[in-house]
Student: 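The structure's right below; bear with me while I get my questions together.
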Amino acid sequence: MATEEHNVAKAEEFKVLANEAFKDRKFSHAIDLYTQAIELNGQNAVYYANRAFAHLRLEEYGSAILDATKAIEVDPKYSKGYYRRGAAHLGLGKFKEALKDFQQVKKMCPNDPDASKKLKECEKAVMKLKFEEAISVPGSVKRPIAESIDFHSIGKGRNSSVPTEVAIAAVTVAVMAVVVMFGRTSKTIVVATILVVLLLVLVAFWWSGSNTGTFRSPLQDLDVEPQYSGARIEGDVITLDFVKKMMDDFKNQKCLHKRYAFQIVLQTKEMLQALPSLVDITVPHGKHFTVCGDVHGQFYDLLNIFELNGLPSEENPYLFNGDFVDRGSFSLEVILTLFAFKCMSPSAIYLARGNHESKSMNKIYGFEGEVRSKLNETFVELFAEVFCCLPLAHVINEKVFIVHGGLFSVDGVKLSEIRSINRFCEPPEEGLMCELLWSDPQPLPGRGPSKRGVGLSFGGDVTKRFLKDNNLDLVVRSHEVKDEGYEIEHDGKLITVFSAPNYCDQMGNKGAFIRFEAPDLKPNIITFAAVPHPDVKPMAYANNFLRMFS
């Protein structure tokens, strides 16, 4: 009995220390301390819920769900267990699962205004999701947005002076004439009338972008106004002068004209879709190559990388290893800058897909809302299409394998298999493509469940077998915030690099990038601190519901 009482008291001491670590934003240390408390007293639901909260802060949603579920098992009446689990489901974009948990919180705490507010927002999110599912067009039927846009003709297309009313009336007469020709039954006419009404609504919606009452497409309203003082592209060629001017405008919070944004994104898509899913990079003897990790919309830190290491060029090439967008509120500026350099000189910059280059993540973590706010809905779809063209992995000089997430749930995966993956889709929830984007290393050998709830965790033995099977020397990946901006694991065979310092303005971490010098390709890791940015908070454009937990 005395030993049990001692353990309970000692566990409370660890909880107090863990809470202090959490307040200091030392979330990994807090998790370790909560774990020690649980080892001494595994029947306290608070310890599991608190550890779940720390996992949430590290975006370890899978671990948060496990801990929150355990808290519920220990004490089914502990509302915070459902609350934490709902927040974790939300982080993974699983709104329907989150809704169930918040309904339970509301049931247990009917007079809690915070619970009511979150439940209401979650219900709205689920209703929106159901609506989008109901009106969605199958991918095999839907025509890609990129195929419907020719940036050369933007602002230069037909500029009809035919009034909208006249044009719609002409369409109506034509459709009704066909009806009269092919069938005169009352049922046919009723059906035709409904179709005409729907047609008129669609036509009016698509063509009513002008306030002049004339029949013209919204894209035709993108003439570059004479008073526009921002960066301009002359013809088809994107030059270094243009990119510098654009970055300077972005730095001063000025916008790029939509006409040029269309050109950058469309030209980038054309380049990316021609690449294999695994891209081979050759660094000549005596030359160098720089690898950057997650940037996450931190545009001013991206500018700092270029200040420290030089602008991308054929003599100073870069690879940005995914997660360019989301979280940070300057994601559009980041992605347009990277895409513009790609258009300027394809061999100056390489781009890999991260797990945040996807519709589901962009919908939750801010990029979709930011694009809609700064550009328009057309660009939301266009970026989603371009992200599906990003390569999944790169190999430098047949020795260094670079991927956003990590390795696989099975041994024996060859580079040829990665190269042949059909990547032109949204990331699946399992399989090689999912694991490349989502998996994480672990200190123990073997494989384990993902702390994120997607992909898996893999040990040093898995890393070494993959390298040996493919005659490689090193794995470089990103995907995880690290205190020093990087971490070397698996006996030096795996390096994590993360390039978003003071992530989300709260983690206090450094950023890092890696320079490889040929021919030995020894990694030279450079770290850097965050720089000031305008007073626009991270997640400013994120899903309203998610911001409640930020």
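In this text, all values refer to a predicted model and were calculated from it rather than measured experimentally. Reckoned from all heavy atoms, side chains included, excluding hydrogens, waters and symmetry mates.
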Student: Please lay out, stage by stage, how Asp323 and His296 fare under the test side chain to side chain donor-acceptor pair (under 3.5 Å).
Tutor: CA-CA 6 Å; Asp323 281 13; His296 274 301; 3.2 Å; yes

Student: Would you tell me whether Asn321 and His479 have side-chain atoms, one donor and one acceptor, within less than 3.5 Å of each other?
Tutor: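 Checked: Asn321/His479 side chains show no N/O donor-acceptor pair below 3.5 Å.
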
Student: Can a donor-acceptor pair be found between the side chains of Arg452 and His55 at a distance below 3.5 Å?
Tutor: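 No, His55 and Arg452 have no side-chain donor paired with an acceptor closer than 3.5 Å.
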
Student: One pair to check against side-chain contact (heavy atoms from CB on, under 4.5 Å): Leu474 and Leu467. What are the steps and the verdict?
Tutor: CA-CA 7 Å; Leu474 179 68; Leu467 293 173; 5.5 Å; no

Student: With sequence neighbours left out, what residues match Gln227 under side-chain hydrogen bond (donor to acceptor under 3.5 Å, both in side chains)?
Tutor: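 Gln227 satisfies side-chain hydrogen bond (donor to acceptor under 3.5 Å, both in side chains) with no residue once adjacent residues are dropped.
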
Student: Are the side chains of Phe330 and Thr337 in touch, meaning some heavy atoms are under 4.5 Å apart?
Tutor: no

Student: Could you check whether any side-chain heavy atom of Arg477 comes within less than 4.5 Å of a side-chain heavy atom of Asp440, counting everything from C-beta outward?
Tutor: yes

Student: Check whether any side-chain heavy atom of Thr496 sits under 4.5 Å from a side-chain heavy atom of Leu494, and report yes or no.
Tutor: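 SC-SC contact between Thr496 and Leu494 confirmed.
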
Student: Within this structure, what is the NE2-CG distance for the pair His490 and Leu407, rounded to the nearest 0.5 Å?
Tutor: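 Spacing of NE2 (His490) from CG (Leu407) equals 8.5 Å.
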
Student: Could you tell me whether His29 atom NE2 has more than 12 heavy atoms of other residues or ligands within 6.0 Å of it?
Tutor: no

Student: For residues Phe22 and Tyr34, establish whether the separation of their ring centroids is below 6.0 Å.
Tutor: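 Aromatic pair excluded; centres sit 6.0 Å or further apart.
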
Student: Please lay out, stage by stage, how Phe401 and Phe466 fare under the test ring-ring contact (aromatic ring centres under 6.0 Å, His included).
Tutor: CA-CA 10 Å; Phe401 178 76; Phe466 173 78; 5.0 Å; yes

Student: Is it the case that the ring center of Phe367 lies less than 6.0 angstrom away from the ring center of Phe324?
Tutor: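 They do not qualify: ring centres at least 6.0 Å apart.
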
Student: So, applying salt bridge (Lys or Arg N to Asp or Glu O under 4.0 Å) with Glu333, which one of Lys374, Lys254, Lys251 is it?
Tutor: Lys374

Student: Verify, without hydrogens or angle tests, whether Asn509 (side chain) and Asn502 (backbone) share a donor-acceptor contact under 3.5 angstrom.
Tutor: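 Checking the backbone N and O of Asn502 against the side chain of Asn509, a donor-acceptor pair under 3.5 Å is found.
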
Student: If you draw a 6.0 Å radius around CD in Glu417, do more than 12 non-hydrogen atoms from other residues or ligands fall strictly inside?
Tutor: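 Buried by this count: over 12 neighbours within 6.0 Å.
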
Student: Please determine if Glu377 and Arg372 form a salt bridge, counting it only when a charged side-chain N lies under 4.0 Å from a carboxylate O.
Tutor: yes

Student: Decide whether Asp505 and His533 meet the rule of one side-chain donor and one side-chain acceptor closer than 3.5 Å.
Tutor: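 Note: Asp505 and His533 side chains meet the donor-acceptor criterion.
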
Student: Do the two ring centres, one from Phe498 and one from Tyr486, sit under 6.0 Å apart?
Tutor: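 Not close enough - the centres of the two rings lie 6.0 Å or further apart.
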
Student: Drop me the distance from Glu435's CD to Ser450's OG, to the nearest 0.5 angstrom.
Tutor: 10.0 Å

Student: Do Ile149 and Leu266 come within less than 4.5 Å of each other through their side chains, counting heavy atoms only?
Tutor: yes

Student: Does the side chain of Glu370 pick up a donor-acceptor pair with the side chain of Tyr365 at under 3.5 Å?
Tutor: no

Student: Is a donor on one side and an acceptor on the other found under 3.5 Å between the side chain of Ser439 and the backbone of Leu436?
Tutor: no

Student: With the threshold set at 4.0 Å, does a side-chain nitrogen-carboxylate oxygen contact exist between Glu426 and Lys359?
Tutor: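 A salt bridge is absent here (no side-chain N lies under 4.0 Å from a carboxylate O).
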
Student: Taking atom types as modelled, find out whether Ser409 and Arg447 have a side-chain donor-acceptor pair closer than 3.5 angstrom.
Tutor: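 No pair is found: no donor N or O on one side chain lies under 3.5 Å from an acceptor on the other.
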
Student: Keeping the roles fixed (side chain from Lys451, backbone from Glu60), state whether a donor-acceptor pair exists under 3.5 Å.
Tutor: no

Student: Evaluate the side chain to side chain donor-acceptor pair (under 3.5 Å) criterion for residues His356 and Asp294: first the C-alpha distance (whole Å), next the side-chain angles of each, then the deciding distance (0.1 Å), finally the verdict.
Tutor: CA-CA 10 Å; His356 275 268; Asp294 305 37; over 6 Å; no

Student: Please determine whether the number of non-hydrogen atoms from other residues, nucleotides or ligands lying under 6.0 Å from atom CD of Glu307 exceeds 12.
Tutor: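 Incorrect, the count does not exceed 12.
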
Student: Taking CD in Glu270 as the centre, count heavy atoms belonging to other residues, nucleotides or ligands within less than 6.0 Å. Is the count above 12?
Tutor: no

Student: Quick one: pull up CG in Leu256 and CG in Asp249 and give me the separation to the nearest 0.5 Å.
Tutor: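 Leu256 atom CG to Asp249 atom CG measures 8.0 Å (nearest 0.5 Å).
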
Student: Quick check on Lys399: does its NZ atom have over 12 non-hydrogen neighbours (other residues, nucleotides or ligands) under 6.0 Å away?
Tutor: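 Yes, NZ of Lys399 has more than 12 neighbouring heavy atoms, counting only those of other groups under 6.0 Å.
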
Student: Per the side-chain hydrogen bond (donor to acceptor under 3.5 Å, both in side chains) rule, which among Glu225, Gln263, Arg232 passes with His257?
Tutor: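 With His257 as partner, Glu225, Gln263, Arg232 yield a single side-chain hydrogen bond (donor to acceptor under 3.5 Å, both in side chains), made by Glu225.
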
Student: Check for a donor-acceptor pair, side chain of Ser331 on one end and backbone N or O of Asp326 on the other, with a separation under 3.5 Å.
Tutor: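 Yes; at least one donor-acceptor contact below 3.5 Å.
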
Student: Counting only heavy atoms not in Glu147, do more than 12 sit closer than 6.0 Å to its CD atom?
Tutor: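 Yes.
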
Student: Before we go on, tell me: are the rings of Phe379 and Phe262 under 6.0 Å apart, centre to centre?
Tutor: yes

Student: Quick check against the 3.5 Å criterion: does Gln267 have a side-chain atom that pairs as donor or acceptor with the backbone of Phe339?
Tutor: no

Student: Counting C-beta onward and ignoring hydrogens, is there a side-chain heavy-atom pair between Leu303 and Phe250 closer than 4.5 Å?
Tutor: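 Not in contact.
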
Student: Do other residues, nucleotides or ligands put more than 12 heavy atoms under 6.0 Å from the NZ atom of Lys245?
Tutor: yes

Student: Who are the side-chain hydrogen bond (donor to acceptor under 3.5 Å, both in side chains) partners of Ser277, not counting sequence neighbours?
Tutor: Arg423

Student: Just by distance, do the side chain of Ser313 and the backbone of Ala348 share a donor-acceptor pair under 3.5 Å?
Tutor: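 Checked: no pair found.
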
Student: How many angstroms lie between atom CG of Leu17 and atom NZ of Lys26, to the nearest 0.5 angstrom?
Tutor: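 Here the rounded value is 11.5 Å.
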
Student: Between Arg515 and Asn316, which heavy-atom pair has the shortest distance, and what is it?
Tutor: NH1-OD1, 4.1 Å

Student: Less than 4.5 Å apart, any side-chain heavy atom of Leu278 and any of His394?
Tutor: no

Student: Show the numbers, then the answer: is there a side-chain contact (heavy atoms from CB on, under 4.5 Å) between Ile488 and Ile525?
Tutor: CA-CA 10 Å; Ile488 301 173; Ile525 302 173; 4.3 Å; yes

Student: Taking the side chain as everything from C-beta on, heavy atoms only, tell me whether Asp67 gets closer than 4.5 Å to Arg84.
Tutor: no

Student: Is the backbone N or O of Val413 less than 3.5 Å from a side-chain atom of Asn470, with the two atoms forming a donor-acceptor pair by type?
Tutor: yes

Student: Is Asp483 atom CG crowded by more than 12 heavy atoms from other residues, nucleotides or ligands, each under 6.0 Å away?
Tutor: no

Student: When Phe341 is tested against each of Phe306, Phe242, Phe320 for ring pair (Phe, Tyr, Trp, His ring centres under 6.0 Å), which residue passes?
Tutor: Phe306

Student: Any salt bridge linking Arg465 with Asp461? Criterion: basic side-chain nitrogen under 4.0 Å from a carboxylate oxygen.
Tutor: yes

Student: Below 4.5 Å, heavy atoms only, C-beta onward: do Ser499 and Ile305 meet side chain to side chain?
Tutor: yes

Student: For a quick check under 3.5 Å, do Thr290 and Asn309 share a side-chain donor-acceptor pair by atom type?
Tutor: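 Yes, because at least one side-chain N or O of Thr290 sits under 3.5 Å from a partner of the opposite role on Asn309.
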
Student: Would you find a donor on one side and an acceptor on the other, under 3.5 Å apart, between the side chain of Asn524 and the backbone of Ile514?
Tutor: no

Student: Between atom CD1 of Ile264 and atom CZ of Arg259, what is the distance when rounded to the nearest 0.5 Å?
Tutor: 10.0 Å

Student: Any carboxylate oxygen within less than 4.0 angstrom of a Lys/Arg side-chain nitrogen, looking at Asp280 and Arg419?
Tutor: yes

Student: Please report the interatomic distance OG(Ser478) to CG(Leu319), rounded to the nearest 0.5 Å.
Tutor: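 Spacing of OG (Ser478) from CG (Leu319) equals 8.0 Å.
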
Student: Does the ring center of Tyr350 lie less than 6.0 Å from the ring center of Tyr318?
Tutor: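 When the ring centroids of Tyr350 and Tyr318 are compared, they turn out to be at least 6.0 Å apart.
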
